[in-house]
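Notes to accompany the following structure.
All residue numbers refer to positions in the sequence shown, counting from 1. This structure is a prediction, so every number in the text was calculated from the model and none was measured.
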Amino acid sequence: MHFVRIGNRALNLDRVTHCEVQVWHDAVSVKIYMTGMANNTPVVLNEEEAKEFWKYIEYIAEKPV
């Protein structure tokens with residue numbers, strides 16, 4: 001399991017299927033879709049959480065395996 005703490009939430013990155021980043025003018029939000037959700041409702045992060053989460057995802061993507 002790979003948990004990451006964003007704000008007051010802990011997300012299991014093993015369950016994430018995909019993310020959508022929405023940038024409108026200076027506002028940023030991230031929708032996180034996860035497996036096991038009954039109606040596939042995304043987790044939506046506000047601007048501060050979205051920036052922190054996306055910075056972490058980019059860090060993970062750049063790390064060699």
Hey, what do you get for [atom1] ([X]) to [atom2] ([Y]), rounding to the nearest 0.5 Å?
X     : Y     : atom1 : atom2 : value
Phe3  : Arg15 : CZ    : CZ    : 8.5 Å
Ser29 : Lys51 : OG    : NZ    : 12.0 Å
Asn8  : Glu49 : CG    : CD    : 6.0 Å
Glu48 : Ile6  : CD    : CD1   : 11.5 Å

(request) Might you point out which heavy atoms bring His2 and Ile60 nearest each other, and give the distance in Å? (result)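 Looks like CE1-CD1, 4.0 Å.
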(message) Minimum heavy-atom separation for Lys31 and Pro42, please, with both atom names.
(response)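 Heavy atoms only, the tightest pair is CB-CB, 4.0 Å.
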(request) Evaluate the side chain to side chain contact (heavy atoms under 4.5 Å, CB included) criterion for residues Glu52 and Val30: first the C-alpha distance (whole Å), next the side-chain angles of each, then the deciding distance (0.1 Å), finally the verdict. (result) CA-CA 10 Å; Glu52 187 177 339; Val30 174; over 6 Å; no
(message) Between Val23 and Ile57, is there shared hydrophobic-cluster membership here, with clusters defined by ILVMFWY side-chain heavy atoms closer than 4.5 Å?
(response)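 In one cluster: yes.
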(request) Give the cluster check for Val21 versus Leu45: same hydrophobic cluster or not, with ILVMFWY residues linked at side-chain heavy-atom distances below 4.5 Å. (result)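 Hydrophobic grouping puts Val21 with Leu45.
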(message) If you define the side chain from C-beta out and look only at heavy atoms, does anything of Leu13 sit under 4.5 Å from Phe53?
(response)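 When only atoms from C-beta onward are counted, Phe53 and Leu13 do touch, with a gap below 4.5 Å.
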(message) Counting only heavy atoms from other residues, nucleotides and ligands, does the tally under 6.0 Å from OH of Tyr59 exceed 12?
(response)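 It does not: Tyr59 OH has 12 such atoms or fewer within range.
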(request) Evaluate whether atom CD of Glu20 has more than 12 neighbouring non-hydrogen atoms of other residues, nucleotides or ligands under 6.0 angstrom away. (result)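 For Glu20, atom CD is crowded (more than 12 foreign heavy atoms under 6.0 Å).
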(request) If the plane angle is over 60° it's perpendicular, under 30° parallel, otherwise tilted; pick one for His18 and Tyr33. (result)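 His18 vs Tyr33 ring planes: parallel.
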(request) Look at the side chain of Arg5 and the backbone N and O of Ala10, then say whether any donor-acceptor pair between them is shorter than 3.5 Å. (result)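 Looks like no, no N/O pair under 3.5 Å.
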